[in-house]
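A short worksheet on the structure shown next.
Counting convention: from 1, in listed order, for ligands and their atoms alike.
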Amino acid sequence: MPPVGQVVIGPPGSGKTTYVWGLYQFFTALRRPILLVNLDPASASPPYPHSLSIASLITLNDAMDAHGLGPNGAMLYCLEYLEANVEWLEEELEKAMRKLEEEGDVFEEEEEEVDEVDGGKRERRKWQRDEVYVVFDTPGQVELSTNHGSLKRIIEALQKRMGFRLAAVHLMDSTHILDASKYVSVLLLALRTMLQLELPHINVLSKIDLLGQTGDLPFNLDYYTEVQDLSYLLPLLERDQRTKRFSELNRVVCEIVEEFGLVGFETLAVEDKESMLRLVQVIDQALGYVPPSLSSLPSSTTSAPHSHPHSHSDPHTAHHHSAPHPAFSQSQPLSSALHTSTIQEKWVDYPKEYEKFERDQWEKEGEWAADRANEREKRKAVREAQKERGVMET
Ligand SMILES: Nc1nc2c(ncn2[C@@H]2O[C@H](COP(=O)(O)OP(=O)(O)OP(=O)(O)O)[C@@H](O)[C@H]2O)c(=O)[nH]1
Ligand SMILES: [Mg+2]
């Protein structure tokens with residue numbers, strides 16, 4: 001089976017790079033192998049641990065200096081340059097994947113767990129080619145995925161020549177849905193991109209944690225995620241002075257989106273592990289990808305899962321868990337309707353109550369972890385005392 005992965009696309013600032021970094025942390029916690037590829041030439045040193053970067057081939061500044069281009073033209077030039085040198089990308093990917101196959105990957109263990117489980121040795125896990133998951137971070141210039149052909153052709157080359165199975169994960173800022181006219185633009189952008197890239201496609205309303213703080217949502221969240229009867233939007237668009245005179249255009253756009261019947265949305269709050277888990281499972285399903293099973297993991301990874309009091313922390317600083325997430329074995333994501341109503345409660349209707357509930361849970365988890373650490377210390381002291389007694393008796 002060929003390698004699988006995601007091409008992460010979306011407008012500037014929609015959260016692509018943060019999501020890619022979050023995915024790395026999440027996959028590492030789940031002990032799933034992951035390779036990150038930076039295809040944004042404006043980002044010479046991406047914040048996440050990447051296996052390769054377009055910046056090794058060409059940067060935005062190179063293109064601007066060499067050809068006297070502005071940033072937008074230089075961005076298109078860089079992607080065209082990458083397309084012309086797609087063999088470079090293939091060779092670099094091949095090298096990175098072979099490294100995982102031959103040398104394997106090592107997952108960080110918390111010190112005390114390592115001491116207890118395997119006497120301080122760290123196991124390297126070697127991966128099969130079909131287990132390797134590759135994530136491509138792309139620039140935010142929308143035309144790269146709506147009408148400029150280079151990104152599409154680069155993806156096609158990876159699919160045809162290396163056998164990649166890729167899904168497009170299209171992030172769009174969820175706060176746009178608060179404004180009916182912006183929501184219509186988001187729908188149109190999603191549809192245009194789906195038709196251009198022709199990949200298994202998952203549209204995502206990102207930064208859903210900001211939705212409740214930013215404004216009032218006229219309809220329930222599932223109205224927007226499931227793209228239900230868009231005629232309900234028309235009175236809102238009529239009321240808005242900016243969009244009133246385009247009412248006929250808006251009506252036709254809504255009809256087109258409904259006729260295609262392709263657009264729907266998942267949601268994402270990148271720091272929320274349940275939100276990440278749900279999205280990863282939906283993408284796995286779209287790709288027909290079955291993650292490496294628990295039974296094939298090294299013995300040290302099958303110890304009891306332990307939660308971490310800071311598991312909700314910023315992805316830039318979050319700890320890696322040394323055991324797989326308990327939900328790892330769940331093959332089916334929560335039903336879409338149920339999931340969306342939970343998200344609505346958590347981020348839109350009762351964010352404060354949820355925050356308090358989660359804080360209480362973390363406190364309990366923290367106490368539990370402290371108790372466990374004390375227990376471990378006690379057992380260690382007993383073992384040492386027994387050892388000493390043994391030495392004295394012999
Ligand atoms: N609250 C919240 N903020 C987020 C989330 N994801 C990203 N952000 C913030 O959004 C901003 C933009 O994030 P990036 O990851 O740089 O966005 P990008 O799509 O890579 O941007 P470009 O590369 O410029 O196109 C940063 O300040 C992030 O911290 C999220 O889920 N919730
Ligand atoms: Mg970025």
Please report whether ligand 1 has a polar contact with Lys207, defined as an N or O pair separated by less than 3.5 Å (distance criterion only). yes
Rounded to the nearest 0.5 Å, what separates atom OG1 in Thr214 from atom CD1 in Ile177? 10.5 Å
Could you say whether the N/O atoms of Ser14 and ligand 1 ever approach to under 3.5 Å? yes
For ligand 1, which atoms, with element, lie under 4.0 Å from some heavy atom of Pro12? 25 (O)
Between Lys95 and Glu91, does any side-chain N to carboxylate O distance fall below 4.0 Å? no
Go through Ser14 and Tyr19 one step at a time and tell me if the side-chain contact (heavy atoms from CB on, under 4.5 Å) criterion holds. CA-CA 9 Å; Ser14 53; Tyr19 166 64; over 6 Å; no
Strictly under 2.8 Å, is the Mg ion (ligand 2) approached by any N, O or S atom of Thr17? yes
Looking only at non-hydrogen atoms, find the nearest pair between Lys16 and Gly13 and report the distance. NZ-N, 4.3 Å
Return a yes/no value for Gly13: is any of its N or O atoms, backbone included, closer than 3.5 angstrom to an N or O of ligand 1? yes
Give the single entry among Asp40, Leu211, Val20 that approaches atom 23 (O) of ligand 1 most closely by any heavy atom. Asp40
Audit row: Asp272, Asp209, side-chain contact (heavy atoms from CB on, under 4.5 Å) steps and yes/no: CA-CA 9 Å; Asp272 184 76; Asp209 52 307; over 6 Å; no
Against heavy atoms of Gly140, which atoms of ligand 1 measure under 4.0 Å? 25 (O)
Quick one: look at Val270 and ligand 1, take heavy-atom pairs under 4.0 Å, and tell me if it's side chain, backbone, both or neither. both
Find all atoms of ligand 1 within a distance of less than 4.0 Å from any non-hydrogen atom belonging to Leu210, and give their numbers and elements. 1 (N)
Cation-pi between Arg32 and Tyr133: NZ/CZ under 6.0 Å from ring centre and within 45° of the ring axis? yes
Yes or no on salt bridge (Lys or Arg N to Asp or Glu O under 4.0 Å) for Glu355 and Arg359, after CA distance, side-chain angles and deciding distance? CA-CA 6 Å; Glu355 204 185 317; Arg359 225 182 7 251; 3.6 Å; yes
Below 30° counts as parallel, above 60° as perpendicular, anything between as tilted: where do the rings of Tyr24 and Trp21 land? parallel
Heavy-atom distance to atom 29 (O) of ligand 1: which of Thr18, Val8, Asp272, Asp209 wins? Thr18
Just to check, does Ala269 reach to within less than 4.0 Å of ligand 1 when the distance is taken from its heavy atoms? yes
Is there at least one pair of N or O atoms, one from Lys16 and one from ligand 1, spaced under 3.5 Å apart? yes
Quick check: Thr138 and ligand 1, any N/O pair under 3.5 Å apart? no
Count the heavy atoms belonging to other residues, nucleotides or ligands that lie under 6.0 Å from OH of Tyr350, then report whether that count exceeds 12. no
